[in-house]
Amino acid sequence: MPDPSFSSWRSAVRRPQRRYVALALLSIKLALVPRISRLAAIATAVIRLTIQYSLFRQVFAGRGRVGGFDWPELRTYLLLVFLLEGLSPVQQELRMYANVRTGQVAVDLARPVDYFWSHLALSIGMVIGELSLRLLVLVPLAPAMGPLVLPPSLCSSLSFAAGVGLAFLTRLLLGYIIAVFCFRLLNVQGLSWARGAIESLLSGAVIPLSLLPSGLATLAENLPFHGMVFLPLQIYLGHLHGGALVVSLLRQLAWVITLWIAARALWSWGARRLVVQGG
Amino acid sequence: MVRLLRIYFAMQAAHLRAQLQYEADVWLALIGVALGQIVGALFISSLFRLRPALGGWSIWEAAVPYGLIGLARGLSELLCEGLWHIRTIVARGELDVPLVRPLPLVFQIATRASDLHSLSNLIIGSSIIGLAFHRLGLVLSAAKIIFFVFTMAGSTLVMAAMILIANSIAFWDRSVDSSLPSFVLQIADGAQIPLSVYGAPVRVVLTWILPYAFVSYFPAQVLLGKPVTPLAWASPLIGPLVAGLACMIFRLGLRRYESAGH
């Protein structure tokens, strides 16, 4: 009887798309390994959520709507930001940066899989694992925060799902583009910090964009970060309808395509300059 | 002690010189950290635009705890950035050599790195505090200047202790790329805002579990001449206490260290 792991490997070779499914499944398993540090990290993220909740409750105390949000909507917004933060394949990105830096990427590039698609598959797996953990934490936590707002229609729910997909791809592609700079720099920590800082403000993760000064909010709306948190949550809360909703989603799709083209072009340029020493 | 200090400064100066060989990296890190500070300031000013006296503090009063966190972060990055390397060192079994060297172990790890990007935090943090005092028309008395100096020493120890505790997770779980330590240090962002804004549970967490309030809120109360409890004057003493606790946790973890095999 053939070894089952070997036969699955053989069928993966015959049908290349199976390799990526196998990578994604492997990544989900890795993400779900119950590690003390992962559970503690989620607990810390919950503390951060509690701090944000406490802060905004004070800002909204005794007020009706602020920046287009009432308190139950903002409460829901904060909870969903906690969930959407799980869309960031941080560990996968750090591994990729380290692999470029140490030269391990040469081995990765020689594997019989496309580097981008395998990164995408591993990231999808990691994100599914992370989202599952965050959902597990949220289910008992949400009632303690008070009644939450649900999407007003099926159309909002489906558009929200599309928005979340685009938000994930935008995050992934920005991280992938930063990895190119690993070919030229000793480390990309500075770039990562800059990206993290800009992203947290202009995506609406730390504060809804409509609560920012109008100049900043306008700037944010014209950048890809807008689609990473604020756009999907506006859709979820039913703040965007009809034509405006379709245009916003299409605009984000255009950003994803632009970033994808830029990422592929930059990577083919970066990989050509790869020099790995030693052996 | 003098010998330790001499070794300490020689090590850290060497790290800083080494970084200057990679100028682009240094500039990008300086810009990245500065952007983080600017974004934080924009966030807080947006909150105060919505509610001008948040938690009973004006925006310029609130700038003081904000700046104090920046300063403490900058000092810990400059003086003991090496503590962030614990996870890699433990996972690779690289503690073997430091363990047999005739120097304190935490000292050896802390001096594995010193980062120039700390300058962004130091410059922006102190500028914000200076500007706030100027706008509020406050002048520090000699007693408060002495308190400020001791507070900065204590605050650096609190930040270093939190880095040490969070990174010591490596002894129990060897995932090098765990987000836990950065998450724990990110909680300090919460203490950039006056504690009086928050409900009781958050105040307890930021005072007694992750004691960042002793870096920002309590010292700011003293410096701004706000009504204070004796606890606020005791802020500089919290640093050595938390550092002692961190060393105990590190030692506890060290018992689990089992090299990597060669």
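Below, read A as the first sequence line, B as the second, and so on, with proteins coming before strands; counting in each chain starts at 1.
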Least distance between heavy atoms, [X] atom then [Y] atom:
| X | Y | result |
| --- | --- | --- |
| A/Ser123 | A/Gln92 | OG-CG, 3.4 Å |
| B/Tyr66 | B/Ala41 | OH-N, 3.1 Å |
| A/Gly67 | A/Leu211 | CA-CD2, 3.6 Å |

Any chance [atom1] of [X] has more than 12 other-residue heavy atoms, nucleotides or ligands included, within less than 6.0 Å?
| X | atom1 | value |
| --- | --- | --- |
| B/Arg49 | CZ | yes |
| B/Tyr257 | OH | yes |
| B/Arg251 | CZ | no |
| B/Trp172 | CH2 | yes |

As a quick check of understanding, evaluate side-chain contact (heavy atoms from CB on, under 4.5 Å) for B/Gln221 and B/Leu224, giving each step before the final call.
CA-CA 5 Å; B/Gln221 276 186 319; B/Leu224 291 167; over 6 Å; no

Are any of the side-chain nitrogens in B/Glu77 or B/Arg73 under 4.0 Å away from the carboxylate oxygens of its partner?
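Salt bridge absent between B/Glu77 and B/Arg73.
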
Proximity of residues 179-203 of chain B to chain A, residues having a non-hydrogen atom under 4.5 angstrom
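So far as heavy atoms go, B/Ser179, B/Leu180, B/Phe183, B/Val184, B/Gln186, B/Ile187, B/Gly190, B/Ile193, B/Val197, B/Tyr198, B/Gly199, B/Val202 are the residues that approach chain A to under 4.5 Å.
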
Under 4.5 Å, heavy atom to heavy atom: which of residues 119-129 of chain B reach chain A? Give them by number, or say none.
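At a heavy-atom separation under 4.5 Å, chain A is reached by no residue of residues 119-129 of chain B.
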
Mind checking the [atom1]-[atom2] spacing from [X] to [Y]? Nearest 0.5 Å is all I need.
| X | Y | atom1 | atom2 | answer |
| --- | --- | --- | --- | --- |
| B/Thr111 | B/Leu83 | OG1 | CG | 9.0 Å |
| A/Ile28 | A/Leu122 | CD1 | CG | 11.0 Å |
| B/Leu16 | B/Asp115 | CG | CG | 8.0 Å |

Using a cut-off of under 4.5 Å for heavy-atom pairs, which of B/Val26, B/Leu47, B/Val205 has the most such pairs with chain A?
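When all of B/Val26, B/Leu47, B/Val205 are compared, B/Leu47 has the most.
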
If you count heavy-atom pairs under 4.5 Å between each of B/Leu206, B/Leu35, B/Ile209 and chain A, which one has the most?
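Looking at each of B/Leu206, B/Leu35, B/Ile209 in turn, B/Leu35 comes out on top.
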
Pull out the residues in residues 49-57 of chain A that come under 4.5 Å of chain B, heavy atom to heavy atom, sorted by number.
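Expected list: A/Thr50, A/Ile51, A/Ser54, A/Leu55, A/Phe56, A/Arg57.
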
Write out, in numerical order, the residues from residues 190-209 of chain A with a heavy atom short of 4.5 Å from a heavy atom in chain B.
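Counting heavy atoms that sit under 4.5 Å from chain B, the residues of residues 190-209 of chain A involved are A/Gly190, A/Leu191, A/Trp193, A/Ala194, A/Ala197, A/Ile198, A/Ser200, A/Leu201, A/Val206, A/Ile207.
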
Quick check, are the ring centers of A/Phe60 and A/Phe69 under 6.0 angstrom apart?
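No, ring centres 6.0 Å or more apart.
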
Is the closest side-chain heavy-atom distance between [X] and [Y] below 4.5 Å?
| X | Y | value |
| --- | --- | --- |
| B/Ser58 | B/Pro52 | no |
| B/Lys226 | B/Trp57 | yes |
| A/Phe225 | A/Thr170 | no |
| A/Phe181 | B/Leu28 | no |
| A/His226 | A/Leu223 | no |

Of the backbone (N, CA, C, O) and the side chain (C-beta and beyond), which part of B/Ile38 lies under 4.5 Å from a heavy atom of chain A, both, or neither?
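Contact with chain A: none, neither part.
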
Do you know which of A/Val66, A/Val90, A/Leu212 has the most heavy-atom pairs with chain B at a distance under 4.5 angstrom?
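Answer, by heavy-atom pair count under 4.5 Å with chain B: A/Leu212.
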
